[in-house]
Amino acid sequence: MVRITLMDGSVRVVEQGTTLGALAANISRGLAKAAIAGKVDGELKDLSYPLKADADVEIMTIESEGGLEVLRHSISHLLAQAVQNLYPGTKLGIGPAIANGFYYDFDSEHVFTPEDLGTIAAEMARLAKENYAYQRREVSRAEALAFFGERGEEYKVELIEDLPEGVAISMYTQGNFTDLCAGPHIPSTGFAKAFKLLNLAGAYWRGSEKNKMLQRIYGTAFAKAADLDDYLFKLEEAKRRDHRKLGLELDLFSLHDEGPGFPFFHPKGMILRNTLEDFWRVEHRRRGYQEIKTPIILNRKLWEQSGHWDHYKENMYFTQIDDDDYAVKPMNCPGGMIVYKTKLRSYRDLPLRVGELGLVHRHELSGALHGLLRVRNFTQDDAHIFMLPSQIKDEIIGVIELVDYFYHVFGFEYHVELSTRPEDSMGSDEAWDMATRALEEALQAKGMDYKINPGDGAFYGPKIDFHLRDCLGRTWQCGTIQLDFQMPEKFDLTYIGEDGQKHRPVMIHRVVYGSIERFIALLIEQYAGAFPVWLAPIQVRILPISERHEEYAKALVSQFNELDIRAEVDERREKIGYKIREAQTEKIPFTLVVGDQETETESVAVRRYGQANSGEKIAFKDFVALIQEEIRRKS
RNA sequence: GCCGAUGUGGCUCAGAGGUAGAGCAGCUCACUCGUAAUGAGCAGGUCGUCAGUUCGAUUCUGACCAUCGGCUCCA
C-alpha cells in the first residue's frame with residue numbers, strides 16, 4: 001500500500017501500482033470524468049502512471065491551465081498523425097503547446113495551402129472519433145534512434161542525439177502514429193473535441209536561419225466548443241482594434257509603397273504625438289532632465305569610434321557628403337557623447353540627465369515591417385544619464401519608477417526582462433558582470449518580477465526591457481534601460497572629481513515610450529481608438545440642429561479654442577442623427593448638440609462617446625469645467 | 001532576408017481571355033431637420049509594376065514591388 005497526499009492535504013491509502021486514473025475514480029466520479037493527467041511530486045504524468053511509492057498527487061482536469069496545455073500538446077500529435085496520413089513522407093519537426101494553442105513543424109514535399117487546413121482538420125476529427133489511446137513506452141537511446149532512423153525522421157534523430165545522458169526517452173503511440181515525446185498526454189484522442197487549425201507559416205528548424213525552413217501549422221484547442229467559440233470571437237474583436245485599421249479609419253497616419261517602414265503622420269496623428277511629447281517634456285523637466293537635439297546624419301568616423309560601425313552596420317543607412325562617408329543615425333548616443341564633451345564636467349554636475357526626442361533610422365528586414373509597431377524610422381524618447389558609479393542604483397530605480405508612472409497613466413500592464421551579454425559585443429567580462437549585477441539589484445530593490453533573456457543585450461551593455469501587449473497578445477519592447485561602461489571609454493568621457501583628478505563617468509541609455517510610433521500603435525489598440533479626452537485629436541464636436549444655430553456653435557468653438565480645448569463644428573446641412581452617427585464613428589469623446597433651447601440658455605446637450613440615449617443639457621460653463629477636469633486627470 | 005497568402009476607384013469588396021461593377025465616402029440639387037445613415041443625380045479605375053504567351057490580357061505565365069500571417073531580428 002502507498003500513502004497519497006492530495007492537494008487539499010487529505011491522505012488516501014491505495015494499493016501499490018494504482019494508476020492516477022484509478023485514483024481519480026476513487027476520489028469522485030466527476031473527477032474521473034474530467035481528469036486528463038496528473039502531477040506526482042510535482043512531475044507531470046499520464047493517468048496511466050502507476051503509483052509505486054508514497055507521493056503528493058494532483059489530478060489535473062481538462063479545465064485547468066496545465067490541463068489545457070496537455071490537451072493542446074496532445075492535439076498537436078493528432079495534427080501530425082493526420083498530416084502523415086494525408087501526406088505520406090512528411091517528416092516531423094517539433095509540436096509544442098504555446099500560449100494560446102499549439103503548432104507542429106513539418107518538412108514535406110507537399111506545400112500546404114489554406115484549403116488543406118480543412119482537409120487536415122477533418123482527418124483529425126476522424127482520428128479523434130476513433131478514440132485511440134495515447135500509449136507511452138520508455139525506450140533506450142539506441143532503440144529510439146533505430147526507430148526514427150528507419151523512418152527517415154532526421155529531425156527526431158537530431159533531437160534524440162541532443163538529449164542529455166541519463167534522461168528517460170519516451171515515445172507515445174496513438175493508432176498508427178508514434179512520436180518522440182516526454183508527455184504527458186490525454187488518455188485518448190477522443191478528448192480532442194474543440195480544436196481549430198488557424199494558420200500556416202514558415203519557421204526555421206530550431207529557430208536558426210542557417211537551417212532549413214519548415215512548414216508550421218498553428219492551431220488552438222479548448223476543453224469545450226463554447227470556449228473555442230469564445231476565443232475565436234475574441235480574435236475577431238481584436239482585429240477591430242488593430243492599429244493599422246483604426247489608424248486609417250481615424251485618419252491618424254498612413255504607410256505607402258514610396259517609403260516602406262517610413263510612416264506618414266496626418267494632422268490627427270500629429271496631435272497624438274505632440275500630446276505625448278508635451279506630457280513627456282513636463283514629466284522629464286520635473287525629474288531634472290534637460291533636452292537636446294543632435295543631427296540625423298553624422299560622419300563615419302564617429303560611428304567607428306562608437307563601435308556601431310563594427311557591431312551595427314547591417315542595420316544602418318549610409319550616404320556621402322563631399323566624398324566623405326556619413327551614416328544616418330540608428331541611435332542617439334554618439335551625438336549625446338559629443339554634447340557631453342563640449343565642456344569640462346564636475347562631479348557636482350552628476351548625475352547629468354540629458355534627453356533627446358531623436359529620430360533614428362534602422363534597416364529592418366522587409367518581412368519584419370508591421371504597421372507602426374515595426375518601422376524603419378522612429379522617434380526614440382531617449383535620454384542619457386551620466387553619473388558616478390555610486391549613483392548607478394538610484395538612477396536605475398528612478399528610471400524604473402518613471403516608466404511605471406507613465407505606463408500607469410495609460411493603463412498598460414507590462415512585464416520586464418533582463419537581457420544579458422550577446423555574442424557580438426564589446427568590453428570586458430568584468431564590466432559586463434558589474435553592469436548586469438547593477439540592473440539586477442535595482443530590479444530586486446523594487447521587488448519586480450523579471451525574466452532573464454540570455455544574450456539579448458545591446459552590444460555595449462545589458463538592459464532591462466519593458467514589454468507591452470498588442471491586441472493579439474503579442475508583446476513589444478517599449479521602455480528599456482541600458483547600462484553602458486563602453487561608450488564613456490570609447491569617447492574618453494571624464495569629469496573632475498573631488499580630488500581634482502579626471503574620472504570616468506558611467507552612463508545609462510534609457511527610453512520610456514521606446515518609440516513614439518510604436519507607443520502610439522499600442523495606445524490605439526489599448527483604447528480601441530476611443531482615446532481619453534486629453535489625447536483625443538478632436539475633443540469636442542458641436543452639432544447645430546439647423547442653420548440658424550451655426551453662429552452660436554461657432555461662438556462656442558472660439559471659446560473652446562481660447563481654453564486650448566480642441567473643438568470643431570459640423571456645419572453640414574444634414575439631419576442631427578446623421579451627424580451624431582458620424583461623430584460616434586470617429587470616436588469623438590464629446591458631442592454637443594445645440595438647437596433653439598441651448599442657444600437661448602447658453603447651454604449644450606452633451607453626448608459622450610459610446611453612451612446611447614444621452615443628451616443631457618448643461619450650462620456651457622459647467623461643461624467647460626467638466627471637460628477641463630477630465631483633461632487634467634488624463635482619464 | 002526566408003516560407004506561405006494577397007494586391008480591382010479614397011474605403012470595403014464582387015467579377016470574367018475580348019478592353020470593368022456594387023455599397024460607403026466625394027460632388028451637385030432638393031429637404032432646415034432634436035440624438036447612430038433623407039432622397040435624386042453626377043463624377044471617379046491605364047484592375048501593384050515590368051516582361052512574356054495570345055489576334056487580343058486587368059483575367060494565363062514569369063520576375064520584381066508592397067501588404068498580411070509567421071520565422072529571424074529588434075524600439
Side-chain angles (χ1 to χ4, degrees), chain A residues 103 105 111-116 198-218 239 242 244-245 248-249 251 254-261 312 314-315 330-331 358 360 362-382 419 456 458 463 465-468 472 474 476-480 482 509 511-519 521-522 543-550 573-585 591-598 605-607 610-617:
Chain A
Y103 67 79
D105 287 345
V111 177
F112 298 116
T113 67
E115 293 75 58
D116 293 337
L198 295 172
N199 41 29
L200 290 161
Y204 297 109
W205 167 239
R206 298 198 142 181
S208 167
E209 57 191 327
K210 293 185 188 80
N211 292 336
K212 180 163 183 181
M213 179 159 276
L214 308 179
Q215 300 186 67
R216 176 172 295 179
I217 298 179
Y218 282 94
K239 281 187 196 151
D242 192 307
R244 291 165 299 187
K245 183 172 151 64
L248 179 76
E249 286 172 6
D251 198 14
S254 56
L255 288 154
H256 303 272
D257 286 4
E258 290 83 349
Y312 210 73
E314 292 70 45
N315 289 295
M331 296 186 194
V360 298
R362 297 184 184 175
H363 181 71
E364 294 296 332
L365 295 176
S366 59
L369 301 177
H370 184 99
L372 291 184
L373 284 168
R374 168 141 300 107
V375 292
R376 284 179 172 154
N377 77 357
F378 55 99
T379 305
Q380 288 188 307
D381 62 317
D382 218 340
S419 296
D456 215 28
K463 55 180 189 165
D465 293 328
F466 296 78
H467 291 252
L468 300 180
L472 290 174
R474 299 175 291 206
W476 298 86
Q477 184 187 319
C478 289
T480 173
Q482 312 179 344
H509 311 241
V511 288
V512 179
Y513 292 135
S515 135
I516 307 273
E517 290 75 4
R518 177 176 286 182
F519 202 80
L522 293 168
L543 312 184
I545 298 273
S546 78
E547 206 170 344
R548 65 177 179 278
H549 309 117
E550 273 174 21
R573 306 291 146 77
E574 294 290 350
K575 283 173 65 181
I576 201 69
Y578 181 88
K579 295 187 196 175
I580 295 261
R581 179 188 148 78
E582 205 142 282
Q584 294 293 301
T585 309
T591 304
L592 305 182
V593 175
V594 295
D596 287 339
Q597 300 159 37
E598 290 78 12
V606 181
R607 180 177 174 131
Q611 288 181 7
N613 299 325
S614 61
E616 191 198 350
K617 251 182 274 307

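Because the structure is predicted, anything quoted here is derived from the model rather than measured.
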Q. For A:R581, what residues pass the side-chain hydrogen bond (donor to acceptor under 3.5 Å, both in side chains) criterion, not counting sequence neighbours?
A.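 By the side-chain hydrogen bond (donor to acceptor under 3.5 Å, both in side chains) rule, A:R581 matches no residue at all.
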Q | Letter per nucleotide, 5' to 3', of nucleotides 3-12 of chain B [B base touched, S only sugar-phosphate touched, - untouched; heavy atoms, 4.0 Å] | A | BS------S-
Atom pairs under 3.5 Å, N or O on each side, protein against nucleotides 22-26 of chain B: can you list them with distances?
unit_1, atom_1, unit_2, atom_2, d
B:A25, OP1, A:Y578, OH, 3.4

(Q) Tell me which one of A:R244, A:K245, A:K239 satisfies salt bridge (charged side-chain N to carboxylate O under 4.0 Å, His left out) with A:D242. (A)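 Between A:D242 and the candidates, salt bridge (charged side-chain N to carboxylate O under 4.0 Å, His left out) is satisfied uniquely by A:R244.
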Q) Looking only at atom types and distance, does a side-chain atom of A:D456 sit under 3.5 Å from a main-chain N or O of A:S419, one as donor and one as acceptor? A)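 Flag not set: sc A:D456 to bb A:S419 has no pair under 3.5 Å.
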Q) For the side chain of A:D116 and the backbone of A:T113, is there at least one donor-acceptor N/O pair under 3.5 Å apart? A)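 Pair found, side chain donor or acceptor close to backbone of A:T113.
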Q: Can you figure out which of B:U38, B:G34, B:G1 approaches the side chain of A:I576 most closely?
A: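 Nearest to the side-chain atoms of A:I576, counting from C-beta on, is B:G34.
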Q) Given Watson-Crick or G-U pairs with both distances under 3.5 Å, what dot-bracket string fits RNA chain B, with | for other-strand pairs and [ ] for crossing? A) ((((((((.[[[[.)..(..]]]].(((((.......))))).....[[[[[..)....]]]]])))))))....
Q: State whether the aromatic ring of A:W476 stacks on the base of B:A75, taking stacking to mean ring centres under 5.5 Å apart and ring planes under 30° to each other.
A: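 A stacking contact does not exist, since A:W476 is not both close and nearly parallel to the base ring of B:A75.
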Would you kindly give the [atom1]-to-[atom2] distance between [X] and [N], to the nearest whole Å?
X	N	atom1	atom2	result
A:E364	B:A66	CD	P	14 Å
A:W205	B:C2	CH2	P	23 Å
A:K579	B:C33	NZ	P	12 Å
A:R573	B:C31	CZ	P	12 Å
A:D381	B:A75	CG	C1'	9 Å

Q | A:R376: salt bridge (charged side-chain N to carboxylate O under 4.0 Å, His left out) partners, not counting sequence neighbours | A |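 A:R376 satisfies salt bridge (charged side-chain N to carboxylate O under 4.0 Å, His left out) with no residue once adjacent residues are dropped.
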(Q) If the condition is ring pair (Phe, Tyr, Trp, His ring centres under 6.0 Å), which residues does A:Y103 pass it with, not counting sequence neighbours? (A)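 A:Y218.
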Q. More 5' along RNA chain B: A:D456 or A:I580, using each one's nearest nucleotide?
A.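 Its nucleotide being nearer the 5' end, the pick is A:I580.
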**Q.** Phosphate OP1/OP2 of B:A36 contacted by A:R607 side-chain N/O (<4.0 Å)
**A.**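 Answer is yes, contact under 4.0 Å.
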